[in-house]
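Have a look at the structure below before the remarks.
In this text the structure is predicted, and so the values were computed from the model without any measurement.
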Amino acid sequence: GRGNKILQRTVKIQPHLYLPAQYQISIYMDGNMKPNWPSVSNLFRRFQVEKHDLVCWKHPVRTRVIDEAREVVRLKLESQEHVDKILAAQARDKFKDETGLCETGFIIRKHAKIIDFSNSWKDAVEQCVRDQVSFDYMVWKHRVRCIRHDFRTKPVGHHPHSGDTRSRKIQ
């Protein structure tokens, strides 16, 4: 249910609460992905992790948060009421929704440097469980040093979740 989704996203969003302090960088990867890189050092070098606090990949289809929000409601992944709470916060803060839309299934972050961002993102996900609806807004709001790479360069392959009948391309 909704509570389990929020719990899973809490671990995803607030790694600083769950990982030992000696770990400075973490990689989050959805359960339907498999690593496709020769080494972590190669991954970090290729995607410029040393220069940024957050590394993510652009959404493969949509470029604006509002379009993602509409799709989330259309697919009944979250209620209009919950989505509207995040959109209202974005409007209050004058978020222009022109920074792009990230796909949040694979992210690399220096979690100790983005604690305020992570805590605010967690609060937003408690209002609207679909974390992509608030991710780019929170990156903008907290002025996170973030780089967004082209989706086609994402170094993971995909496999379907158990019971998922949609075919997914292995990269």
Quiz item: If you link I, L, V, M, F, W and Y whenever their side-chain heavy atoms are under 4.5 Å apart, who else ends up in the same group as Leu17?
Solution: Val11, Tyr18
Under 4.5 Å between any side-chain heavy atoms of [X] and [Y], yes or no?
X      : Y      : value
Val55  : His149 : yes
Arg109 : Ser26  : yes
Val72  : Gln132 : no
Asp93  : Trp140 : yes
Thr153 : Phe47  : yes
His111 : Ser118 : no
Phe135 : Leu101 : no

When rounded to the nearest 0.5 angstrom, what distance separates [atom1] in [X] from [atom2] in [Y]?
X      : Y      : atom1 : atom2 : answer
Glu50  : Ile25  : CD    : CD1   : 9.0 Å
Leu77  : Cys128 : CG    : SG    : 9.5 Å
Met29  : Lys34  : CE    : NZ    : 11.0 Å
Ile147 : Trp57  : CD1   : CH2   : 9.0 Å
Ser134 : Lys141 : OG    : NZ    : 11.0 Å
Tyr137 : Lys96  : OH    : NZ    : 13.0 Å

Do [X] side-chain atoms and [Y] backbone N/O form a donor-acceptor pair below 3.5 Å?
X      : Y      : answer
Gln24  : Ala21  : yes
Asp150 : Arg152 : yes
Asp97  : Val65  : yes
Lys154 : Lys58  : no
Lys12  : Asp131 : no
Gln90  : Val133 : yes
Asp136 : Cys102 : yes
His59  : Arg62  : yes

Could you state whether [X] and [Y] fall into the same hydrophobic cluster, counting links through intermediate Ile, Leu, Val, Met, Phe, Trp or Tyr residues with side-chain heavy atoms under 4.5 angstrom apart?
X      : Y     : value
Ile66  : Val83 : yes
Ile115 : Ile13 : no
Ile108 : Leu19 : no
Trp37  : Val49 : yes

Quiz item: Has Lys113 got more than 12 heavy atoms of other residues, nucleotides or ligands less than 6.0 Å from its NZ?
Solution: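 Atom NZ in Lys113 is not crowded, with 12 or fewer foreign heavy atoms closer than 6.0 Å.
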Quiz prompt | Under-4.0 Å salt bridge between Arg130 and Glu68 | solution = no
Quiz item: side chain to side chain donor-acceptor pair (under 3.5 Å) with His82: which of Glu78, Gln80, Lys85?
Solution: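 It is Glu78; the other options fail the test.
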Quiz prompt | Criterion side-chain contact (heavy atoms from CB on, under 4.5 Å) against His142, the qualifying member of Asn119, Asp116, Leu54, Asp53 | solution = Asp116
